[in-house]
Amino acid sequence: MAFKWNKWLPRIALLVLCAFAIIALVLSLVGIHSVALPPENKYGLVFDAGSSHTSLFVYQWPMDKENNTGVVSQTFSCHVNGSGISSYTKNPTEAGASLRPCLDEAMRVIPPERQREAPAYLGATAGMRLLRKQNPSTSDQILEEVGKAIREYPVSFRGARIISGEDEGAYGWITINYLLHSFTQYSAKDRDWVHPTSAGLLGALDLGGASTQISFLPTESIANSFRFRLYGFDYGIYTHSYLCYGQNEALNQVIRVLLNDSSSSSTLDHPCYPKGYNESIEVASLFNSSCANNQTKPPDAASKVFLVGTGNARLCREAIRNIFNFSNCSHNKSCGFNGVYQPRVDGKFLAFSAYYYTFSFLNLTETHPLPVVEDAINAFCDRTWKDLNTSYPKQNSTRLLNYCASANYILTLLLDGYGFSNTSWENIAFQMQAGNSDIGWTLGYMLNLTNMIPSEMPQTLRGHEEGPWVASVFFIVVTLALAIVLLLINFFQ
Ligand SMILES: *[C@@H]1O[C@H](CO)[C@@H](O)[C@H](O)[C@H]1NC(C)=O
Ligand SMILES: *[C@@H]1O[C@H](CO)[C@@H](O)[C@H](O)[C@H]1NC(C)=O
Ligand SMILES: *[C@@H]1O[C@H](CO)[C@@H](O)[C@H](O)[C@H]1NC(C)=O
Ligand SMILES: *[C@@H]1O[C@H](CO)[C@@H](O)[C@H](O)[C@H]1NC(C)=O
Ligand SMILES: *[C@@H]1O[C@H](CO)[C@@H](O)[C@H](O)[C@H]1NC(C)=O
């Protein structure tokens, strides 16, 4: 007997369609996103040219979601070998050459067809701010050389420049709140994009090698705020950058003060260095920084002195406090330090860069009560140089030497400088990343310069994400309708 195609075909088609409908239903439940082709990405590059080193960050984002909040993420980062670009005063071309290995690697990460449109920036911070003060023509020359090196690559180079301390602070604040989706969030309940309360916005604490920044949304309204409008909302944040109060420059200030107060001309006791440490240092090199302007070399100092560690946290903090001026607040209001106006710190903060590195080494990045942190730091400062070297043989020895000093500097800066208290201390989270992106000023800088944070809520965001849902529901309905038609045809045969 012949196989009855006219009878079986509709039944097979019916089965296939039912299977499709079920698959479509399952897919729409698990989220159509995960099975759809990945959207095409766009890329951007930012060099963070800091005082002690340079890093390259490559960011990516889906092309069709350019204006949404929180969609840009870090896809690659590269540590440039050697020291910061401001150290290339004798050979500026080498500063450019130093960037090439990282650029080569970035070109392997960014698909060739996306490179030409990728914006590329270099932002230099406090190391170059100091060099520009001391020697503007050399700092210009270095910026020109690094620009030349980046132009050799097929990217859309948008300039190499020194960014101001206030910009650095504000861009760090934008980066954090962008990564944590604090500016605007899609609310499933309201079926719309909503503006989270200001309590959801985090302050930014950045500690570099040569400068340090504090940025937050104050409760009181302030006169000289840094104002911007993002996604239809106005923000006026307080931000200040203290030049020469980055970790390295601050600790050099401490040595200069100790040297001026020292009774001996050949040895210098340093309470922030571990017992058993004894190295000879060049005195002149300590005073040839722009940060030494108002500190003069003691006339009777030898050209070399022995820096001898005495490992005492209490005396260390006392020595550090001497580089701050806490008394000359002329603003009839609150001050940070050195007479700089600062509203009372308020809300939660993220402390990153050197705050994080130091506290991470000391296992103190979790939230602990202040006395616990102080005890841990005191105990660490008690350890001898020999003990530290045998316990942490893999640590870079300059860093190992400085952890006690850095930790005490951080405590002094946060508590005495910015005015965090025993209680508000616990509002500070020590963190290096949010999502998979490093926290720093670079992401906020790129977002701002590419207009990826629109000042008004874009129309594309207003109509919330119904595309995939509408499409899959439509697909299911059509499939079921076809199945019913086939079923009816089959039934009447
Ligand atoms: C992003 O916003 C800008 C300005 O509102 C607009 O010109 C651009 O087309 C938007 N891009 C996307 C992908 O929606
Ligand atoms: C940095 O230097 C090390 C050792 O010389 C080398 O292995 C590494 O590839 C260099 N990295 C970059 C990005 O230049
Ligand atoms: C430091 O080292 C020098 C030379 O090695 C030595 O003369 C001096 O006594 C040492 N100082 C201390 C306090 O150990
Ligand atoms: C300055 O502060 C004092 C004490 O807080 C207050 O009495 C005084 O009115 C303030 N002056 C101004 C000009 O705000
Ligand atoms: C941090 O914790 C690790 C693992 O417990 C330990 O080996 C290390 O010594 C600790 N570091 C400090 C500075 O106490």
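Since this is a predicted model, take the numbers as computed values, not measurements. Atoms within each ligand, like the ligands themselves, are counted from 1 in listed order.
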Practice problem: Heavy-atom contacts with Phe361 under 4.0 Å: which atoms of ligand 5 show up? List them by number with element. | Solution: 11 (N), 12 (C), 13 (C)

Quiz item: So, do Arg399 and Ser406 sit near enough that their side-chain heavy atoms are less than 4.5 Å apart?
Solution: no

Quiz item: Does the ring center of Trp441 lie less than 6.0 Å from the ring center of Tyr171?
Solution: no

Practice problem: Would you please indicate if the ring centroids of Phe420 and Phe349 are separated by under 6.0 Å? | Solution: yes

Quiz prompt | atom 14 (O) of ligand 3 touched by protein heavy atom at under 4.0 Å | solution = yes

Practice problem: For atom 2 (O) of ligand 2, state whether the nearest protein heavy atom is under 4.0 Å away. | Solution: yes

Rounded to the nearest 0.5 Å, how far apart are [atom1] of [X] and [atom2] of [Y]?
X	Y	atom1	atom2	result
Leu202	Ile439	CG	CD1	9.0 Å
Met107	Tyr153	CE	OH	7.5 Å
Asn322	Asp261	CG	CG	6.5 Å

Could you find the nearest protein heavy atom to [atom] and give me its residue, atom name and distance?
atom	answer
atom 9 (O) of ligand 5	Tyr392 OH, 3.1 Å
atom 7 (O) of ligand 3	Phe306 CE1, 4.6 Å
atom 5 (O) of ligand 2	Asn81 ND2, 4.5 Å
atom 10 (C) of ligand 3	Asn278 ND2, 2.4 Å

Quiz item: Would you call Tyr403 a ligand 5 contact, heavy-atom distance under 4.0 Å?
Solution: no

Exercise. Report yes if Asn363 has an N/O atom closer than 3.5 Å to an N/O atom of ligand 5; otherwise report no.
Key: yes

Quiz item: Given Tyr355, which of Ile428, Leu413, Asp206 fulfils the side-chain contact (heavy atoms from CB on, under 4.5 Å) condition?
Solution: Leu413

